[in-house]
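Atoms within each ligand, like the ligands themselves, are counted from 1 in listed order. Computation of the quantities below employed the complete heavy-atom set of this structure, encompassing side-chain atoms and omitting hydrogens, waters and symmetry-equivalent molecules. Predicted model only: the values in this text are computed from it and were never measured.
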Amino acid sequence: MSTAFLQVALPVPMRTVFDYKTDASGKILPGCRVRVPFGKRQMIGVVVGTSDQPNFDPDKIKSIDTCLDSSPIYEPTLFEALRWAASYFQAPIGEVLFHALPPQLREGKNISACRPEQIQLTTLGKKHLLHATVRGEKQKLALQALEKWPQSRAKLKTLGVSPATIKSLLDKQWVEKKIETPLSCDFTQLTIQDEKHLNPEQALAVTTITKQLDRFQTYLLDGVTGSGKTEVYLQTIRQVLATGKQVLILVPEIGLTPQTLQRFEQRFNLPLYPWHSALNDTEKFTAWDAARTGSAAMIIGTRSASLLPFQNLGLIVVDEEHDLSFKQQEGFRYHARDFVIYRAWKTQVPVILGSATPSLESLYNVHQQKYQHLLLTKSAMQSHQTQFELVDMKQQKLHLGLSSQVLVEIKATLSRGEQVLLFLNRRGYANALLCHECGWLTECSRCSAFTTYHKIWQQMVCHHCSSTAPVPHQCLECGSTQLVSVGHGTEQIEEGLSEQFPDTTIYRIDRDSTRRKGSLEKQFSDILKGKPCLIIGTQMLAKGHHFPRVSLAVIIDVDGGLYSADFRAQERLAQLIVQVAGRAGRAAIAGKVLMQTHHPEHPLLQDLINNGYAHFSRLALEERQAAQFPPIRQMALVRVSSLDAQACQSFIEGLKVALSPIEELQAFGPMPALLEKKAGKFRFQLQMIAKKRSTIQKAAATLLTAIPKLPTHRQVKWSLDIDPQDLY
Ligand code: ADP
Ligand code: ZN
Ligand code: ZN
């Protein structure tokens, strides 16, 4: 009998699998975890296959220690999708497979050992509840809470059921403890609350999608903010749930607001689990387990929810599909949108990508007839058109970053009892301090960047490496004490506004002001009370939140995005402008958007405000075509950093030599990154562009073999990014 060897993926940064011996081959299936010796230690790994001929001397191959799972821990299509992702995004298979497990399982714990104890109703308990023979109010409350499905003690506590009540119910055997597999969700409990009557466009979207729920198709639901995309998701989801299948909903990092959760939770009477990075290990395990065992009807979560297993998945929704947070920017650099599309294809279920500002990638796929375009052109509630106006800043006198025109409009809005939102993508007080005599600027000693002045903390902060320094009182070049601030941050705008509007409440919403847990929720609930106020904030504000009393939005500085070296900067700026505009006038009041700029004649701005995002995106796609950039072309990026700039450059030169036989590939570099130096390290890039994905894949494989042979490979740190979303 020939010995079979197990191929095991380990969570190490090596793009390879490792061979191990076992006596139980045939019993250990791909997708099971094993404990194996690795070097001097033991590691948990995942079996990915078997082979008769290992790459290694068979006599030196070690045996596995134990197999931890009696059956594969990954749902089969997910397992395939993860293996595809490792190869497509060029990530080490072990890292990818481990990324998709909750923390306890990475450590080798048993699934059932991780399951928190559940309390469930017994037949006896049900009988008493049915015949209304429960006397105590507290006991009744507990039994009613358990009527639908079993609950953990923690959940019961939040419902007002004390441990003492549980104990007495346990004693009477009206309830019992259970740790078995959570029960599959009972989809017949589905009820529908508050469903809206759809307008014709919404109805068409829902019928188009639900007509063929049993096969793969990607839909781009393209509708302005407030056009009722969420309502379309909800009514489509209802039909999927009615067939007894689960739904995955992905939202951007800041899209998972209590408002959003509530909307999904209240509509259907079925278990919904949120998923995001701030969950603790137990919560993560519980959501993972609920999705896998089918006890969750819906999972709503951020990027990594795309990696959860499902027992019976029926639909995937990606809300705000253009959002950058779906792309992981370090480690396993995957794009959750693209990953779930592959997954949906494997599972043969539909995917809905929704956005008011679709990415050029998705629009291009519509042109290529890969995605089906569903348009919502009408706002579901408001009848007023949002009005755009460019404010020319040239030669205007500014009051701490704000033009007189803007101040006048703010005043008028407040006096009508309405709210104003001001948007600025820069934290802190000022971009830098400048010497008025010699032009010296405060710079980070470790990065090629200026340090931001934070007046509140009295510190200079580098937003790239987070290093801090005291605020200088003298110029380090000429000794002059005439230091002035340049550029405006949210702190400064807040200061300016409080001088101009001393009696109005100002909310500043940025990463600095919302660091404390719960402070963001508090600010939002205050704003929602509806009193006239000023809300100033960064990107965090631009998405997802619904402020019915805001009727004026001000974009303080649009110029940064107009002249950036990143080819995606204009697309991002256009998306941002439209998203910010979507915050103004969502409800009964007409909205207005003011944009401060020094380039009011800029064609992008003109096009966007006169012709809208759809028109802008067509032009932008034509530009990408002309420039031969993504999404027309495929791109990959090698980022290289080192204390030694020369080492970076010669490393990249070496890569180019290795790539030179691939004719269909264009390789550009070494080019300095947009941020040339960060935390003391120089940063260079190699850009690869090709017509076909397969060429990029071939190039990536070539690089991976070439790298270990390059003399400089130990002097640099490198990473490979397939479909990079920024060139930073
Ligand atoms: P989007 O997700 O596109 O921003 P929403 O689905 O949140 O839009 O809809 C915006 C508002 O309009 C919500 O308050 C929603 O309840 C309401 N709405 C959506 N569709 C309808 C409809 N067909 N009839 C009445 N109100 C609707
Ligand atoms: Zn000076
Ligand atoms: Zn720095």
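At a cut-off of 3.5 Å, with distance as the only test, no side-chain donor of Ser306 or Arg337 sits close to an acceptor on the other residue. Counted by atom type alone, Gln579 and Gln575 present zero donor-acceptor pairs between their side chains at under 3.5 Å. For the residue pair Thr377 and Glu201, a side-chain donor N or O sits within less than 3.5 Å of a side-chain acceptor on the partner.
With a 4.0 Å cut-off on non-hydrogen atoms, Asn199 touches ligand 1 through its backbone and not its side chain. The parts of Lys229 lying near ligand 1 are both backbone and side chain, judged by heavy-atom distances below 4.0 Å. With a 4.0 Å cut-off on non-hydrogen atoms, Gln235 does not touch ligand 1 at all. Heavy atoms of Gln202 found under 4.0 angstrom from ligand 1 belong exclusively to the side chain.
Only one option out of Gln492, Gln458, Glu491, Gln459 pairs with Tyr453 in a side chain to side chain donor-acceptor pair (under 3.5 Å); it is Gln458.
Listed by chain and residue number, Ala432, Leu434, Leu441 satisfy the side chain to side chain contact (heavy atoms under 4.5 Å, CB included) test with Val486 (two or more places apart in sequence, or in another chain). Under the rule for a ring-ring contact (aromatic ring centres under 6.0 Å, His included), Phe684 has no partner lying at least two apart in sequence or in another chain.
Salt-bridge annotation for Arg639 and Asp721: present, with a side-chain N of the basic residue lying under 4.0 Å from a carboxylate O of the acidic one. In summary, Glu418 and Lys592 do not engage in a salt bridge, as defined by a charged side-chain N under 4.0 Å from a carboxylate O. Using a 4.0 Å cut-off between charged side-chain N and carboxylate O, Lys196 and Asp194 make no salt bridge. A salt bridge between Arg568 and Glu361 is present, with a side-chain N of the basic residue lying under 4.0 Å from a carboxylate O of the acidic one.
Distances from the Zn ion (ligand 3) under 2.8 Å pick out these protein N/O/S atoms: Cys444 SG, Cys447 SG, Cys462 SG, Cys465 SG.
Close contacts of ligand 1 with Gly228, meaning ligand atoms under 4.0 Å from a residue heavy atom, involve 1 (P), 3 (O), 5 (P), 6 (O), 8 (O), 9 (O), 19 (C). Listed by number with element, the atoms of ligand 1 under 4.0 Å from a non-hydrogen atom of Ser227 are 3 (O), 8 (O). Heavy-atom proximity to Glu231, at under 4.0 Å, picks out these atoms of ligand 1: 6 (O), 19 (C), 20 (N). Taking every non-hydrogen atom of Leu198 and a distance limit under 4.0 Å, the qualifying atoms of ligand 1 come out as 23 (N).
At a threshold of 4.5 Å between non-hydrogen side-chain atoms, the residues Gln329 and Leu324 count as touching.
Every heavy atom of Gly223 sits 4.0 Å or more from the atoms of ligand 1. For the pair Val224 and ligand 1, a heavy-atom separation below 4.0 Å is found.
For the residues Arg263, Lys196, His197, the heavy atom positioned nearest atom 23 (N) of ligand 1 is part of His197.
Arg333 contributes no side-chain N or O that, together with a main-chain N or O of Lys327, makes up a donor-acceptor pair within less than 3.5 Å. Put simply, the side chain of Arg303 gets close to the backbone of Ser325: a donor and an acceptor are under 3.5 Å apart.
At a 3.5 angstrom cut-off on N or O pairs, Thr230 counts as close to ligand 1.
The number of protein N, O or S atoms lying under 2.8 Å from the Zn ion (ligand 2) is 4.
Aromatic ring centres of Phe326 and Phe339: separated by at least 6.0 Å. With ring centers used as reference points, His373 lies 6.0 Å or more from His367.
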